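None of the values given here were measured: they were computed from a predicted structure. Residue numbers start at 1 and run along the sequence shown.
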Amino acid sequence: MQRPALLGSRDRYERVMHGWVDNTHDDAFTHTVRLTDDDRALEVAVVALPSPTYAVRDARLTPLAGRIAPAVAEGFARLTGAALVGGLTRRIAELVGGGDGAALAMDATIEVARLARQVARMPRAEAERATAGDALACWTLDTTGWVDLPNSCFTYSEAGRRLFGTRTVATPMVPDLYSPLPGQRKVFERRKVARLEVVGHRLRLFHSMHDNVHGFEITYEIDLDSGRVLRAEHLTPRLPYMGICSEPQRKITTLLGETVDPGLRKRVQATLGGESGCAQLYDLTADLLKLLG
């Protein structure tokens, strides 16, 4: 396989994401994402309504380092009036164009949309009752607080629902995720690190994500001569529903022996994602594959 274009003449590339959600409005949240790599850095802030509309009230992009074309920031501001739902990637691509920093701005927008699925606006008493009970009470609140969660992964499928009561299930969910306090800052906070590194005749891919309810550290190794995946493993010290979210994690081993080609991302969606998989495991893997070009 060819070396990823992002590496250029270097043997290591790293991208760091820091994102958080502030409860800045009576009916909307501000989602901020700071994305930095070896070449440039930018920060985006989007004010948007929560589920079910995810409607964007305001959007701004601030260049922080490296070359960011003025047209990228100007185009990003026109995201106002759109929604953080299906078709978002196509919409932001049209707005920011193909100038310097456009790809980073698109990826930051995707991270904003993911943050929007982590905080809801529900009655405080209802949130406190659910988090004071068992994990199933939180699961039930999840499926009503976020319109797009049901059947989005194994945990939120009927098969996942049936496992409650058959085993110990632990959850880190707290009332603030369902009903933030007025003016509360960093209700939800996420940090991610993606890395490509050439080690001998192998390309090592690493992606970590740590936030209020998730802890993932994924490693893949690809043989540069054959393009085949020789290593696929991960650690998950923190999951929304430990004991249920744990079930689809073993699917990562299905990538062993796979060939890295243009169709791999689609094949990965069928194995790691969907109703029998894990949305986070799929997203983290697909984002790494996207960095390969």
Side-chain angles (χ1 to χ4, degrees), residues 19 21 29 31 48-54 83-88 110-123 126-180 187-188 190 192 207 209-216 218 234 236-252 254 266 268-287:
V21 181
F29 299 116
H31 308 286
L49 298 179
S51 174
T53 68
Y54 300 111
L84 304 175
V85 295
L88 177 65
I110 292 171
E111 295 295 348
V112 163
R114 291 169 177 167
L115 289 177
R117 271 73 182 170
Q118 303 300 323
V119 181
R121 193 173 294 282
M122 306 179 74
E126 190 174 349
E128 291 176 346
R129 281 196 302 272
T131 53
D134 59 16
L136 179 56
C138 290
W139 184 95
T140 302
L141 204 58
D142 292 347
T143 56
T144 56
W146 290 276
V147 68
D148 38 10
L149 275 188
N151 299 318
S152 61
C153 64
F154 176 79
T155 295
Y156 292 112
S157 69
E158 183 54 36
R161 166 66 178 80
R162 287 196 296 267
L163 292 181
F164 284 94
T166 69
R167 60 184 65 182
T168 299
V169 178
T171 180
M173 298 298 190
V174 296
D176 291 350
L177 297 177
Y178 301 104
S179 181
V187 178
F188 182 87
R190 170 175 286 172
K192 300 172 73 174
H207 208 173
M209 179 175 77
H210 294 279
D211 58 41
N212 303 53
V213 295
H214 304 94
F216 278 82
I218 296 176
H234 71 336
T236 54
R238 190 177 180 90
L239 292 168
Y241 295 94
M242 190 70 77
I244 296 181
C245 295
S246 317
E247 285 291 320
Q249 301 308 319
R250 64 177 65 95
K251 285 174 170 276
I252 193 172
T254 62
K266 187 173 183 180
V268 165
Q269 185 175 23
T271 55
L272 300 186
E275 192 172 329
S276 64
C278 169
Q280 305 299 341
L281 178 57
Y282 166 69
D283 285 346
L284 289 167
T285 300
D287 288 352

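The structure places NE2 of H234 at 4.5 Å from CD1 of I252, a figure rounded to the nearest 0.5 Å. Going from atom CZ of F188 over to atom NE2 of H214 covers 6.5 Å, rounded to the nearest 0.5 Å. Of the inter-residue distances, the one linking T155 atom OG1 with E275 atom CD reads 11.5 Å to the nearest 0.5 angstrom. Distance CD/E247 to OG/S276: 11.5 Å, rounded to 0.5 Å. Put simply, CG on L239 and SG on C278 are 7.0 Å apart, with the number rounded to the nearest 0.5 Å. Atoms CG and CD1, from L284 and I218 in turn, are 4.5 Å apart once rounded to the nearest 0.5 Å.
Residues A135 and Y241 share a closest heavy-atom pair of O-CE2, 3.5 Å. Pairing each heavy atom of A48 with each of L84, the nearest pair is CB-CD1, 3.9 Å. In plain terms, the two heavy atoms of T236 and M242 that are nearest each other are O-CE, 3.7 Å. Taking every heavy atom of both residues into account, A130 and A137 meet most closely at O-CB, 3.6 Å. Shown here for L149 and Y156, the closest heavy-atom pair between the two residues is O-CB, 3.3 Å. Residue A127 comes nearest to L141 through the heavy atom pair CA-CD2, 3.9 Å, listed as atom of the first residue, atom of the second, then distance.
D287 is listed as a side-chain neighbour of H207, based on a closest heavy-atom distance under 4.5 Å. In this structure, the side chains of F29 and P180 come closer than 4.5 Å at one or more pairs of heavy atoms. R114 places none of its side-chain heavy atoms less than 4.5 Å from the side chain of D211. Looking only at side-chain heavy atoms (C-beta outward), T254 and L272 come within less than 4.5 Å of each other.
Sorted by first and then second residue, the side chain to side chain donor-acceptor pair (under 3.5 Å) pairs involving residues 144-153 (not counting sequence neighbours) are Y54-D148, R117-D148.
Judged purely by atom type and a 3.5 angstrom limit, T171 uses its side chain to pair as donor or acceptor with the backbone of P240. Within the 3.5 Å criterion, the main-chain N or O of M209 finds no donor-acceptor partner in the side chain of R190. A donor-acceptor pair under 3.5 Å links the side-chain atoms of R167 to the main chain of G243, judged by distance alone.
The pair K192-D283 does not meet the salt-bridge criterion, since no charged nitrogen lies less than 4.0 angstrom from a carboxylate oxygen.
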Next on the checklist: As a quick check of understanding, evaluate side-chain contact (heavy atoms from CB on, under 4.5 Å) for H31 and L115, giving each step before the final call.
Outcome noted: CA-CA 7 Å; H31 308 286; L115 289 177; 4.1 Å; yes
Checklist entry - Would R129 and E126 count as a salt bridge (charged side-chain N to carboxylate O under 4.0 Å, His left out) if you check the C-alpha gap in whole Å, the side-chain angles of each, and the deciding distance to 0.1 Å? => result CA-CA 5 Å; R129 281 196 302 272; E126 190 174 349; 5.2 Å; no
Just distance, no hydrogens or angles: give the donor-acceptor pairs under 3.5 Å from side chains in residues 172-179, sequence neighbours left out.
from, atom 1, to, atom 2, distance (Å)
D176, OD1, R124, NH1, 2.7
D176, OD1, R124, NH2, 3.0
D176, OD2, Q184, NE2, 3.0
Y178, OH, C138, O, 3.4
Y178, OH, D142, OD1, 2.7
S179, OG, M122, O, 2.9
S179, OG, R124, N, 3.4

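Residues passing the side-chain contact (heavy atoms from CB on, under 4.5 Å) test with R161, sequence neighbours excluded: L136, W139, E158, F164.
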